[in-house]
2 protein chains.
Amino acid sequence: MTEPPGRRERKKAATRQKIADTALRLFLERGYDAVGIREVAAEADVAVTTLFSHFASKEALVFEQDEDFEQRLARAVTGRAPHEPLIPALRREVHALVRHCTADGAAPIWRMIDESPALRRYDESMRLRHAETLAAAIAADLELSRTATVGRTIARFVVDAYALAREAADPEAAVDEIFPMIEAAWEAGRSRVRA
Amino acid sequence: MTEPPGRRERKKAATRQKIADTALRLFLERGYDAVGIREVAAEADVAVTTLFSHFASKEALVFEQDEDFEQRLARAVTGRAPHEPLIPALRREVHALVRHCTADGAAPIWRMIDESPALRRYDESMRLRHAETLAAAIAADLELSRTATVGRTIARFVVDAYALAREAADPEAAVDEIFPMIEAAWEAGRSRVRA
DNA sequence: TTCGAAAAGCTAACGGTTAGTGCTACGGTC
DNA sequence: GACCGTAGCACTAACCGTTAGCTTTTCGAA
């Protein structure tokens, strides 16, 4: 992953990184909406089309690093210890995610996101994608006593917990307040066929 | 509300309606993404700027009618019978909303929405707004035994139930499957200060 | 009738995004 | 070491949603 797989790919990665760094710097300096794509491209010394060959949209420039976030919730399910219950594993992972987002360095970025409607909507869409990925992981893990709908529902609830906690005054405490509710929902989701 | 309050406002309403009707017809005929704003304006025989003085965005043309939706969930809380428990009241309202969305006439519109990323994202944003409105209504109704975080969480869960049900094969059954989970979460949300 | 203001219009532009078309430099192959 | 296919990048020119600036039309009220 860190080895040099050829000059070409190194250059490509360097270009991508330079674009992302330049963009984030300009955005933080002068505001997301006040900086145009043409300006980012000029400052990074690439063509606009090159920029869009590396990033699908202007918003994607901001969320560059969070690609693995998509998989972390799913891995918390599929990679947990055998016989470990589902919800506590998810709770641990959400705790970690929240801690990561509220770390010192991340604060200005999240403030910027909160201030821009476009970025907020992009973030919302991302979370829905995350919920779907998580739902798939849960479905693959489901015992017979629960339906697919229950799995999808829990996936949404977990992603909600993450979003709500991030907005809360005390994010970690919020996670601890919400997860018992999710646990209860999960218990109630046992099919009542013969319970 | 249905009386004629003057020619001016009648004409304005007529213009608005004509724009919305024309847009929806064109969108359904040839696809949302394949029809441009300039085309809708031309077909409705208005200027583009006029169109945007009636609707805030292209997406808003599609969701024209659902403005009162925003308030329905909140009213289900504030306007319920005295001493009626919260969750069953919300359950009834979500049932009604789902039934409304899966009615015969609405099917092609929702198919169109599902096919366009822009419309999906707009819908997601709308739902978040609805969750916040509902959260405010719940907060105003909260007994001392539950915190504001619990209220916000339940609001999200309820809106999730609506979204999940709409995507389910049997929407009404999905509501009935999800709401017991919400009920359990609500119970678990009692503060454990002295329970 | 006259006047103020809301509604509608026109033009022109801005900002994100995408074709279309090359050029150049790299990487695998002989 | 020369060769060729292709990936990466550049440039131009446009499309599309959206907005600003300003003029014209159309009501409602005085």
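All values derive from a computational prediction rather than experimental measurement. Every chain is numbered from 1, with letters handed out A, B, ... down the list of sequences.
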Determine the contact category for B:Ser53: base if any of its heavy atoms lies under 4.0 Å from a base atom, sugar-phosphate if only primed atoms, P, OP1 or OP2 are that close, otherwise nothing.
-> nothing
Which whole-number value in Å describes the distance from B:Leu51 CG to C:dA7 C1'?
-> 14 Å
What residue pairs, at least two apart or across chains, pass ring-ring contact (aromatic ring centres under 6.0 Å, His included) with a residue in residues 138-174 of chain B?
-> A:Phe157-B:Phe157
When the distance from CZ of B:Arg10 to P of D:dC27 is rounded to whole Å, what number comes out?
-> 10 Å
Taking only residues two or more places apart in sequence or in another chain, which ones pass salt bridge (Lys or Arg N to Asp or Glu O under 4.0 Å) with A:Arg129?
-> A:Glu70
Results of side-chain contact (heavy atoms from CB on, under 4.5 Å) for B:Pro88 - residues two or more places apart only = B:Pro85, B:Glu183
Would you say the side-chain atoms of A:Thr133 and A:Gln71 include a donor-acceptor pair closer than 3.5 Å?
-> no
Report yes if a side-chain nitrogen or oxygen of A:His54 is closer than 4.0 Å to either non-bridging phosphate oxygen (OP1 or OP2) of D:dC9; otherwise report no.
-> yes
Considering just the side-chain nitrogens and oxygens of A:Thr50, establish if one lies under 4.0 Å of OP1 or OP2 belonging to D:dA10.
-> yes
Which pairs with one or both residues in residues 83-125 of chain B pass ring-ring contact (aromatic ring centres under 6.0 Å, His included), sequence neighbours excluded?
-> B:Phe63-B:Tyr122, B:Phe69-B:His100
Between D:dT6 atom C1' and A:Lys12 atom NZ, what is the distance in whole Å?
-> 12 Å
Please list, for nucleotides 14-19 of chain C, all pairs of protein and nucleotide N/O atoms separated by less than 3.5 Å.
unit_1 : atom_1 : unit_2  : atom_2 : d
C:dG16 : OP1    : A:Lys58 : NZ     : 2.6
C:dG16 : OP2    : A:Ile37 : N      : 2.8
C:dG16 : N7     : A:Arg38 : NH1    : 3.0
C:dG16 : N7     : A:Arg38 : NH2    : 3.4
C:dG16 : O6     : A:Arg38 : NH2    : 3.1
C:dT17 : OP2    : A:Lys58 : N      : 2.8
C:dT17 : O4     : A:Arg38 : NH2    : 3.3

Residue pairs meeting ring-ring contact (aromatic ring centres under 6.0 Å, His included), one or both in residues 17-41 of chain B, sequence neighbours left out, come to B:Phe27-B:Tyr32
For nucleotides 24-26 of chain D, which of its nitrogen or oxygen atoms have a protein nitrogen or oxygen under 3.5 Å away, and what is each distance?
unit_1 : atom_1 : unit_2 : atom_2 : d
D:dT26 : O2     : B:Arg8 : NH2    : 3.2

Roughly how many Å is it from CD1 in B:Ile19 to P in C:dA7, rounded to a whole number?
-> 13 Å
Between P of D:dG8 and CD of A:Glu9, the distance in whole Å = 8 Å
What residue pairs, at least two apart or across chains, pass salt bridge (charged side-chain N to carboxylate O under 4.0 Å, His left out) with a residue in residues 83-108 of chain A?
-> A:Arg72-A:Glu93, A:Glu84-A:Arg92, A:Arg91-A:Asp176, A:Arg99-A:Glu172
Take atom CG of A:Asp45 and atom P of D:dA10, then tell me their distance rounded to the nearest Å.
-> 7 Å
Distance (rounded to the nearest 0.5 Å) between A:Trp186 CH2 and A:Leu90 CG = 9.0 Å
What residues form a side-chain contact (heavy atoms from CB on, under 4.5 Å) with B:Glu115, not counting sequence neighbours?
-> B:Arg111
List in chain and number order the residues that pass side-chain contact (heavy atoms from CB on, under 4.5 Å) with A:Ala161, two or more places apart in sequence or in another chain; answer none if no residue qualifies.
-> A:Ile178, A:Phe179, A:Ile182
Return each pair, listed once, that meets salt bridge (charged side-chain N to carboxylate O under 4.0 Å, His left out) where at least one residue sits in residues 40-54 of chain A; pairs must be two or more places apart or across chains.
-> A:Arg25-A:Glu43
Residues in contact with DNA chain D, drawn from residues 112-122 of chain A - heavy-atom cutoff 4.0 Å | none
